[in-house]
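Read through the structure below, which is laid out as structure tokens, and then see the notes.
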Amino acid sequence: MGTDVQSGQELKGRVALVTGGTAGIGAATAEALLAAGYRVAANYGSNKQAAEAFAARTGIPVFAWNVADMAACEAGVAKVQAALGPVEVLVNNAGITRDAMLHKMTAAQWREVLDVNLGGCFNMCRTVIEGMRERRFGRIINMSSVNGLAGQVGQTNYTATKAGLIGFTKSLALEGASRSITANTIAPGYTDTAMVGHVPPEVLAQILKSVPIGRLATPAEIARGVIFLAADEAGFITGITLSINGGKYVA
Ligand code: CAA
């Protein structure tokens, strides 16, 4: 639960770290965790101005590092733990798109997406997992995507990572079970964020026609799933993929 650095007193509320936690689904998740009583830290990659505005608005401390860089993850988590205490809930939300048809995709577009979306999850989980094992508690929630389940034109790189996260998480769930560490994925549908804002409007209009609920998700609707899976009471839920997609992909 963490100890106050100055008073040495035990602090209430588990410590939660959200990567990519200052914008979009990550920001909504960080805010929802705070509202649910967690002590929250939000990581961000590079947009310092937006991150500082988020911190000023919410009171959630923000920490900059690149999740694709293992040494940066180790240093970043050390800073979070010095400020708040050991990370008990990790939400691997940081993700990028570099959409292109495969016949136009560069090796750099492939690599970059793999390094952030999948490599970032490995780096972050690897950094916190030993502490979780020692403390015999952990909640790991990895942000996949409906497109990792269904596929999407222009996203061979992105969907490879989002499907990969599901396999990674299932294996981690099995490894963590005996130490009360759960690992689950959330597969959001198209959500009202800057990432979806980059989809060409005519393509997005077409996609929306395939969503039975007929609209984008709000980031808060995805965050609701995180709160559900992060709870102490969710200790028997592990290895699942929670779809929140408005009916776009029903499996
Ligand atoms: N479904 C079916 N066909 C599609 C399609 C779609 N969603 N999008 C494009 N196509 C088709 C086009 O009709 C075209 O077909 P033909 O070759 O037969 O004419 C072909 O794919 C190529 O289209 P373009 O000429 O437009 O090719 P382009 O190279 O200019 O752009 C693209 C292709 C990059 C894929 C562009 O269409 C695009 O950005 N699409 C959006 C991809 C997408 O949905 N990304 C999701 C981002 S949000 C996210 O990832 C969050 C999440 O988890 C949900």
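Start at 1 and go down the list; that is how both ligands and their atoms are numbered. Atoms considered below: every heavy atom in the structure, side chains included; atoms not considered: hydrogens, waters and symmetry mates. Here, residue 1 is the first one in the sequence, and each next residue gets the next number.
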Each residue besides V40 in its hydrophobic cluster should be listed here, by chain and number; the cluster joins Ile, Leu, Val, Met, Phe, Trp and Tyr at side-chain heavy-atom distances under 4.5 Å.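 Its cluster partners, ordered by chain and number, are V18, I25, L33, L34, Y38, Y44, F54, I60, V62, V89, V91, I141, M143, I186, I222, V226, I227, F228, L229, I237, I240, L242, I244.
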Give the intermediate values and the outcome of side chain to side chain donor-acceptor pair (under 3.5 Å) for residues N117 and T161. CA-CA 6 Å; N117 297 10; T161 66; 3.3 Å; yes
Does R133 pair with E175 as a salt bridge, N-O distance under 4.0 Å? no
So which residues, sorted by chain and number, lie with a heavy atom under 4.0 Å of ligand 1?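 Near ligand 1, by chain and number: T97, D99, M101, K104, S145, N147, Q152, V153, G154, Q155, Y158, Y190, M195, V196, V199, P200, V203, I207.
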Between L118 and L149, is there shared hydrophobic-cluster membership here, with clusters defined by ILVMFWY side-chain heavy atoms closer than 4.5 Å? no
Would you kindly check if the NZ (Lys) or CZ (Arg) of R14 is within the cone defined by 45 degrees around the ring axis of F137 and under 6.0 Å from the six-membered ring centre? yes
Is the side chain of R57 donor-acceptor paired with the backbone N or O of A53 at a distance under 3.5 Å, no angle test?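 Here the side-chain-to-backbone pair does not exist.
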